[in-house]
Protein chains: 4
Amino acid sequence: MVKKPAPDATRRSEKSRRAIYAAALALVGEVGYPKTTVEAIAARAGVGKQTIYRWWSSKADVLLEAFLDLSAQAAQEAGQEPYVIPDTGDLAADLKTVLRITVDQLLDPRFEVPSRALAAEGVLNEQVGREFVERLLEPQLQLYVSRLRSAQDSGAVRGDVDPRIALELFVSPLAQRWLQRTGPISYDYTDTLVDYALRGIAPR
Amino acid sequence: MVKKPAPDATRRSEKSRRAIYAAALALVGEVGYPKTTVEAIAARAGVGKQTIYRWWSSKADVLLEAFLDLSAQAAQEAGQEPYVIPDTGDLAADLKTVLRITVDQLLDPRFEVPSRALAAEGVLNEQVGREFVERLLEPQLQLYVSRLRSAQDSGAVRGDVDPRIALELFVSPLAQRWLQRTGPISYDYTDTLVDYALRGIAPR
Amino acid sequence: MVKKPAPDATRRSEKSRRAIYAAALALVGEVGYPKTTVEAIAARAGVGKQTIYRWWSSKADVLLEAFLDLSAQAAQEAGQEPYVIPDTGDLAADLKTVLRITVDQLLDPRFEVPSRALAAEGVLNEQVGREFVERLLEPQLQLYVSRLRSAQDSGAVRGDVDPRIALELFVSPLAQRWLQRTGPISYDYTDTLVDYALRGIAPR
Amino acid sequence: MVKKPAPDATRRSEKSRRAIYAAALALVGEVGYPKTTVEAIAARAGVGKQTIYRWWSSKADVLLEAFLDLSAQAAQEAGQEPYVIPDTGDLAADLKTVLRITVDQLLDPRFEVPSRALAAEGVLNEQVGREFVERLLEPQLQLYVSRLRSAQDSGAVRGDVDPRIALELFVSPLAQRWLQRTGPISYDYTDTLVDYALRGIAPR
DNA sequence: ATATAATCGAGACGGTACGTCGGGTCTTATA
DNA sequence: TATAAGACCCGACGTACCGTCTCGATTATAT
């Protein structure tokens with residue numbers, strides 16, 4: 001097998017990389033994911049197609065990294081705040097707070113369009129899906145795990161409950177309504193989810 | 001605007017329709033959704049491309065109807081059994097039973113490949129998504145609503161609980177793990193979901 | 001070999017035939033021969049496609065008959081006058097007169113477009129070409145043969161000359177200029193042709 | 001109006017161009033012009049369709065250039081001989097010689113099929129027609145003009161004769177018989193044409 | 001400071017599939 | 001039985017992008 005010589009990452013053009021991210025995100029926002037083409041990204045970024053194929057394996061790959069970059073930037077800009085779940089001692093209130101922020105994000109077009117595109121791609125394309133989950137979704141879910149563990153320590157959640165499963169009781173319903181449009185999304189809705197879920201995992 | 005005259009549905013070839021459904025499902029199973037092309041469906045079905053474009057608007061549309069047809073057929077063949085949730089009086093047991101059947105279905109390649117494809121398409125394409133939910137997903141979810149209502153009547157579920165939301169506590173986690181591969185799927189897992197969820201919606 | 005049962009000509013719809021001729025000629029005039037389709041002829045004539053294919057073998061065939069019909073009609077309307085070459089005793093004058101009429105016809109769009117289309121078709125399609133020559137061109141050329149024979153009788157043309165070849169000296173140059181656009185067409189030009197042909201180009 | 005940026009001719013693939021010419025000529029020879037498709041040319045040439053559409057506007061355009069190329073090659077191979085009309089002092093003999101060569105060419109399938117196709121296309125398509133005449137036909141006709149001018153100098157042709165018209169007396173009849181199949185083509189025939197044209201058909 | 005080797009913008013290339021058009025056949029219901 | 005209507009199978013159209021492949025023209029170290 002003839003292996004292609006790996007490109008020399010140290011000589012990579014930072015300017016091009018950024019332009020490609022920007023072009024990819026802009027195009028996905030403007031024309032949607034399926035109509036976004038590698039050719040158009042290259043043209044919009046003022047970049048040769050080969051420069052894209054040299055560093056990424058596919059359109060999905062470009063968008064994944066572009067979105068990760070966007071998320072990282074957003075995180076830095078916002079300080080760290082939204083990325084830790086508050087621990088005021090009132091578990092229900094803390095979860096409701098965080099889920100309301102998530103609701104806002106899910107309805108913000110700046111995030112919605114690319115993340116919906118990546119989610120869709122990930123449903124079909126296992127590789128993209130795993131990377132999407134591993135690098136974006138799971139780290140966020142782990143924050144819930146931590147918060148639930150802390151709640152177990154303080155006695156607000158039964159000790160025999162598996163936090164990784166428990167969090168799905170309120171996170172997954174929201175995710176499904178958003179992904180598959182099985183119902184409307186609102187603060188009321190997420191509040192209700194937390195109420196229903198907590199009574200189940202709380203000791204009597 | 002020039003509107004194309006609607007084709008005369010009474011003269012439609014039933015044989016072609018069936019051949020197209022079969023070809024579409026077979027191809028999606030064999031090469032996956034993205035590599036399934038309208039051209040290949042037509043060729044495999046022994047049909048002109050125009051016959052596909054005359055009756056459907058897109059590859060997604062064909063697959064949606066093919067899958068609906070498959071589901072309807074499966075329903076008829078199976079009598080009605082899997083399509084009503086049993087009511088033995090033991091809510092937890094009944095839900096666990098049905099969810100185990102769902103787990104089996106989700107892992108059966110015959111259903112998994114096309115339904116995953118449709119789900120992915122529906123994430124991006126709102127029209128497909130809505131149709132998918134309306135004609136396939138929601139009818140199944142309504143079965144849970146009925147069963148939960150019956151449980152409310154018998155006192156096994158609190159009366160102030162919204163059954164349409166409550167069902168998401170155990171259905172959505174399973175759906176998300178399947179769609180986004182956020183975790184493994186098993187009987188144990190769904191049993192646990194039912195346990196966690198029920199204690200929350202059951203009266204103290 | 002399975003032979004198709006010949007259609008019963010006695011039951012043929014005269015109205016349809018005429019409508020097809022009219023539609024074919026109109027379309028060729030409006031959009032040109034290559035863009036004239038059997039489908040469009042049928043639609044414009046208010047006729048089923050099968051009715052065309054039942055009686056004609058091809059688009060060229062339809063147009064050929066439509067044009068012959070048109071020519072026949074034109075002949076009847078005009079009495080017989082333009083279809084006999086005058087014989088005033090002055091051969092040169094007579095030929096010049098007729099050729100000037102031909103020039104007019106060649107520049108009249110009503111005749112030019114369809115006859116150009118048929119000529120082109122006939123260049124490639126031997127069957128159409130032969131029919132075109134046999135039923136339209138040759139009969140007209142024979143008129144020149146007659147006139148030249150008469151001139152031979154009166155001593156205006158040498159007796160050892162083959163009239164069928166001689167007529168080409170002035171007819172073919174005009175035909176070629178028209179068909180292939182190798183030069184402009186005018187009364188002067190045809191007059192000159194007659195002069196050269198009759199006297200020759202070598203000095204006496 | 002959105003104009004497509006002209007392709008960069010300096011980067012054009014010479015190999016592809018040649019393969020396309022060869023494929024076009026071969027196909028026209030094998031299946032005839034109307035059944036020759038751009039798709040088939042591309043396939044036979046081992047070339048993408050876009051490569052054809054990038055450089056030519058139509059099937060006719062491809063064939064025109066292919067044929068011009070063929071003619072140019074034939075000219076080079078043959079030295080210069082057939083492309084100058086001999087001047088032995090005997091005008092009639094010289095013309096008969098050249099016309100006999102033309103007869104041979106017209107009956108040689110290698111040239112006949114594509115040139116007939118181009119002629120037919122040129123009858124309908126003015127652009128193709130003009131190019132065909134300008135780049136192929138007229139240059140050859142100009143050779144006759146030169147020879148006739150030389151004959152005028154030597155007194156073999158009257159000085160008041162227009163050579164561009166005079167040449168049509170023997171060239172056009174041959175052309176028409178070939179194009180429209182109005183009669184057989186032979187050495188005898190062309191010899192006769194030269195005789196008639198030079199001496200006229202009227203008695204001295 | 002210069003060589004030199006890789007990346008870069010550009011875009012032509014061989015392909016695959018698109019969605020449309022029209023050819024010629026076949027079916028259905030009127031007349 | 002011929003007809004108007006039009007669905008059907010098929011093949012080609014001309015276009016859009018794919019991912020690969022040259023091309024000079026910049027870089028950006030490593031001499």
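Chain letters run A, B, ... following the sequence lines, proteins first, then strands; residues in each count from 1.
You won't find any donor-acceptor pair under 3.5 Å spanning the side chain of C/Lys49 and the base of F/dG6, going by distance alone.
In the region residues 53-66 of chain A, proximity to DNA chain F at under 4.0 angstrom, judged on heavy atoms, holds for A/Tyr53. Of the residues in residues 118-131 of chain D, none lies under 4.0 Å from DNA chain E by heavy-atom distance. For the contact set between residues 13-38 of chain B and DNA chain E, defined by any heavy atom under 4.0 Å, the members are B/Thr37, B/Val38.
For residues 31-42 of chain D, the set of pairs meeting the salt bridge (charged side-chain N to carboxylate O under 4.0 Å, His left out) definition, not counting sequence neighbours, comprises D/Glu39-D/Lys49. Residue pairs that meet the salt bridge (charged side-chain N to carboxylate O under 4.0 Å, His left out) test with at least one member in residues 19-28 of chain D, sequence neighbours left out, do not exist here.
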Protein-to-nucleotide contact annotation, 5' to 3' order, nucleotides 22-31 of chain F [B base; S sugar-phosphate only; - none; under 4.0 Å, heavy atom]: B----BB---
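The nearest whole Å value for the distance from the CD1 atom in A/Ile52 to the P atom in E/dG9 is 9 Å. In this structure, the CD atom of B/Glu39 is 14 Å from the C1' atom of F/dC9, given to the nearest Å. Atom CD1 in D/Ile41 sits roughly 11 Å away from atom P in F/dG14 (whole-Å rounding).
Atom CZ of A/Arg17 is separated from atom CG of A/Asp69 by 6.0 Å, given to the nearest 0.5 angstrom. Expressed to the nearest 0.5 Å, how far CG of D/Leu25 lies from OG1 of D/Thr36 amounts to 9.5 Å.
With A/Leu118 as the fixed residue, the side chain to side chain contact (heavy atoms under 4.5 Å, CB included) test singles out one of A/Val113, A/Leu64, A/Asn125: A/Leu64.
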Hey, can you pull the donor-acceptor pairs under 3.5 Å for the side chains in residues 50-58 of chain C, sequence neighbours left out?
{"unit_1": "C/Trp56", "atom_1": "NE1", "unit_2": "C/Glu65", "atom_2": "OE1", "d": "3.2"}
{"unit_1": "C/Ser57", "atom_1": "OG", "unit_2": "C/Asp61", "atom_2": "OD2", "d": "3.4"}
{"unit_1": "C/Ser58", "atom_1": "OG", "unit_2": "C/Ala60", "atom_2": "N", "d": "3.4"}
{"unit_1": "C/Ser58", "atom_1": "OG", "unit_2": "C/Asp61", "atom_2": "N", "d": "3.2"}

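Comparing E/dG22, F/dT3, E/dC13 by their closest approach to the side chain of C/Arg12 singles out F/dT3.
The pair D/Glu112-D/Arg116 meets the salt-bridge criterion, with a side-chain N (NZ, NE, NH1 or NH2) lying under 4.0 Å from an Asp/Glu carboxylate O.
D/Tyr21 has its side chain out of reach of D/Leu70: every pair of non-hydrogen atoms, C-beta onward, lies at least 4.5 Å apart. Inter-residue side-chain proximity for B/Val128 and B/Leu63 is flagged as unmet; no heavy-atom pair is nearer than 4.5 Å.
A donor-acceptor pair under 3.5 Å links the side-chain atoms of B/Arg181 to the main chain of A/Val123, judged by distance alone. No side-chain donor-acceptor contact under 3.5 Å links A/Lys59 to the backbone of A/Ala24.
For C/Ala40, the side-chain contact (heavy atoms from CB on, under 4.5 Å) partners are C/Leu27, C/Thr37, not counting sequence neighbours. In terms of the side-chain contact (heavy atoms from CB on, under 4.5 Å) criterion, residue partners of A/Arg18 (sequence neighbours excluded) are, by chain and number, A/Glu14. Remark: A/Arg110 engages no residue in a side-chain hydrogen bond (donor to acceptor under 3.5 Å, both in side chains) (not counting sequence neighbours). The side-chain contact (heavy atoms from CB on, under 4.5 Å) check on C/Ala23 picks up C/Ile41, C/Arg44, C/Ala45, with sequence neighbours excluded.
The rotation axes computed at either terminus of the helix from E/dA1-F/dT31 to E/dA31-F/dT1 lie 10° apart, taking five pairs at each end and rounding to 10 degrees.
Place B/Ala45 and C/Gly46 on DNA chain F by their nearest nucleotides, and C/Gly46 ends up nearer the 5' end. Remark on DNA chain E: of its neighbouring residues A/Ala9 and B/Ala40, the 5'-side contact belongs to A/Ala9, judged by nearest-heavy-atom nucleotide.
D/Gln127 CD: 12 or fewer foreign heavy atoms inside a 6.0 Å radius.
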